[in-house]
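Right, one structure below, let's go through it.
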Amino acid sequence: MRLTRSLPLMLLTTLALPLAAQAADVVRVPIPNSDFPIAAAVEVPAGKATIYVSGKVPAVADPSAPKDSVEAFGDTKTQTISVLTQIQKQLEGLGLGMKDVVKLQAFLVGGPETGGKMDFKGFMEGYTQFFGKEAKQMNLPARSAFQIAALGNPGMRIEIEVVAVRP
């Protein structure tokens with residue numbers, strides 16, 4: 001008799017646990033005392049699907065420019081906007097948005113126009129059009145930005161890859 005009463009409760013508990021895990025939200029931990037538009041950390045609860053988007057490079061901005069020149073792809077800001085626009089479209093095709101990005105890695109190349117150093121300011125000018133107060137998109141990702149030696153085309157100044165989570 002006692003087992004008969006417990007069985008529905010056990011069954012209900014077994015069915016509800018996975019739903020409870022899926023109902024938890026992604027937690028974004030801000031950087032203390034900072035308005036820099038990245039998260040210090042992002043916690044993804046169990047049961048969420050993660051989507052790894054391969055690195056994207058900029059589209060050609062000026063087809064009349066030499067194919068391996070910065071003029072063909074634009075400055076770092078232009079290239080950043082180009083890459084993040086491509087990522088945004090890809091995420092939208094998967095039913096997601098930039099608000100679902102939890103991790104972003106940017107690979108920047110310095111060129112003669114910046115004395116061999118990456119153009120972090122130009123990157124940020126493009127980045128903040130998609131993340132942060134200016135973009136009105138406060139689901140900020142954990143982020144890294146690296147300077148690397150080169151990309152596949154000498155005119156390219158940035159490649160970005162992201163990880164998104166399906167809500």
Side-chain angles (χ1 to χ4, degrees), residues 25-44 48-167:
D25 289 330
V26 171
V27 176
R28 296 168 195 270
V29 179
I31 298 173
N33 303 316
S34 173
D35 62 352
F36 196 67
I38 66 172
V42 178
E43 180 179 339
V44 178
K48 297 283 186 185
T50 52
I51 295 88
Y52 298 86
V53 178
S54 294
K56 299 258 182 240
V57 293
V60 172
D62 181 359
S64 66
K67 292 180 181 178
D68 59 352
S69 68
V70 172
E71 292 76 22
F73 298 98
D75 61 12
T76 301
K77 176 182 176 182
T78 300
Q79 292 191 27
T80 301
I81 293 169
S82 171
V83 171
L84 289 175
T85 299
Q86 291 176 60
I87 290 171
Q88 185 175 39
K89 287 179 183 174
Q90 184 171 3
L91 290 172
E92 287 171 358
L94 297 168
L96 301 169
M98 297 303 262
K99 67 180 178 20
D100 301 310
V101 173
V102 294
K103 175 70 177 163
L104 183 149
Q105 290 185 302
F107 304 93
L108 296 144
V109 176
E113 72 280 6
T114 56
K117 296 185 177 190
M118 67 181 188
D119 178 12
F120 190 75
K121 181 178 181 276
F123 164 66
M124 286 302 295
E125 289 173 357
Y127 174 86
T128 54
Q129 293 188 27
F130 295 85
F131 297 99
K133 289 178 185 172
E134 187 177 314
K136 297 181 181 162
Q137 201 296 93
M138 296 305 291
N139 282 350
L140 303 175
R143 191 192 79 193
S144 302
F146 308 94
Q147 178 167 343
I148 61 172
L151 290 168
N153 184 306
M156 293 176 180
R157 294 291 178 257
I158 190 162
E159 179 170 342
I160 299 174
E161 61 185 25
V162 301
V163 177
V165 170
R166 190 169 301 283

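A pairwise comparison of heavy atoms in S69 and F73 identifies O-CD1, 3.4 Å as the closest pair. Looking at every heavy atom in both residues, G132 comes nearest to M138 through C-SD, 3.3 Å. Taking every heavy atom of both residues into account, A61 and G74 meet most closely at CB-N, 4.4 Å. The shortest heavy-atom contact between V102 and V42 is O-CG2, 3.5 Å.
Of the options D62, V70, D68, a side chain to side chain contact (heavy atoms under 4.5 Å, CB included) to P66 is made by D68 and by none of the others. Shown are I160, I148, I158; of these, the side chain to side chain contact (heavy atoms under 4.5 Å, CB included) with F107 is made only by I148.
Here D35 contributes atom CG and L140 contributes atom CG; the two are 10.5 Å apart, rounded to the nearest 0.5 Å. A distance of 8.5 Å separates CD1 in I81 from CD in E125, rounded to the nearest 0.5 Å. Within the model, atoms NZ of K133 and OG1 of T128 stand 12.5 Å from one another, a figure rounded to the nearest 0.5 Å. Between atom CD of residue E113 and atom CG of residue D119 there is a gap of 8.0 Å, rounded to the nearest 0.5 Å. Between the CD atom of Q137 and the CD atom of Q88 there is a distance of 9.5 Å, given to the nearest 0.5 Å. In this structure, CD on Q129 lies 5.5 Å from NZ on K77, to the nearest 0.5 angstrom.
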Problem set entry | Steps toward side-chain contact (heavy atoms from CB on, under 4.5 Å) verdict (F120, T76) | CA-CA 8 Å; F120 190 75; T76 301; over 6 Å; no
For this session: Might you work through the side-chain contact (heavy atoms from CB on, under 4.5 Å) test for F146 and L108, ending with a clear yes or no?
Result: CA-CA 6 Å; F146 308 94; L108 296 144; over 6 Å; no
Problem set entry | Verdict with reasoning, S82 to K56, per side chain to side chain donor-acceptor pair (under 3.5 Å) | CA-CA 9 Å; S82 171; K56 299 258 182 240; over 6 Å; no
For this session: Could you please spell out the steps behind the side-chain contact (heavy atoms from CB on, under 4.5 Å) verdict for M98 and I87?
Result: CA-CA 8 Å; M98 297 303 262; I87 290 171; 4.3 Å; yes
Exercise. Stepwise, does the side-chain contact (heavy atoms from CB on, under 4.5 Å) test hold for D100 with I51?
Worked result: CA-CA 10 Å; D100 301 310; I51 295 88; over 6 Å; no
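The shortest side-chain heavy-atom distance between D25 and P167 does not fall under the 4.5 Å cut-off. When side chains are defined from C-beta on, P37 counts as touching M124, because their heavy atoms get closer than 4.5 Å.
A donor-acceptor pair under 3.5 Å is formed between the side chain of Q147 and the backbone N or O of M118. Listed for the T80 side chain is no donor-acceptor partner under 3.5 Å among the backbone atoms of Y127. Checked by atom type and distance alone, the side chain of T114 never pairs as donor or acceptor with a backbone atom of G110 at under 3.5 Å. Although no hydrogens or angles enter the test, the distance criterion places no donor-acceptor pair under 3.5 Å between the side chain of E71 and the main chain of A65. Distance alone, capped at 3.5 Å, places no donor-acceptor pair between the R166 side chain and the A49 backbone. The closest donor-acceptor contact from the side chain of Q86 to the backbone of V57 lies under 3.5 Å.
Side-chain N/O atoms of S144 and K103 include a donor and acceptor closer than 3.5 Å.
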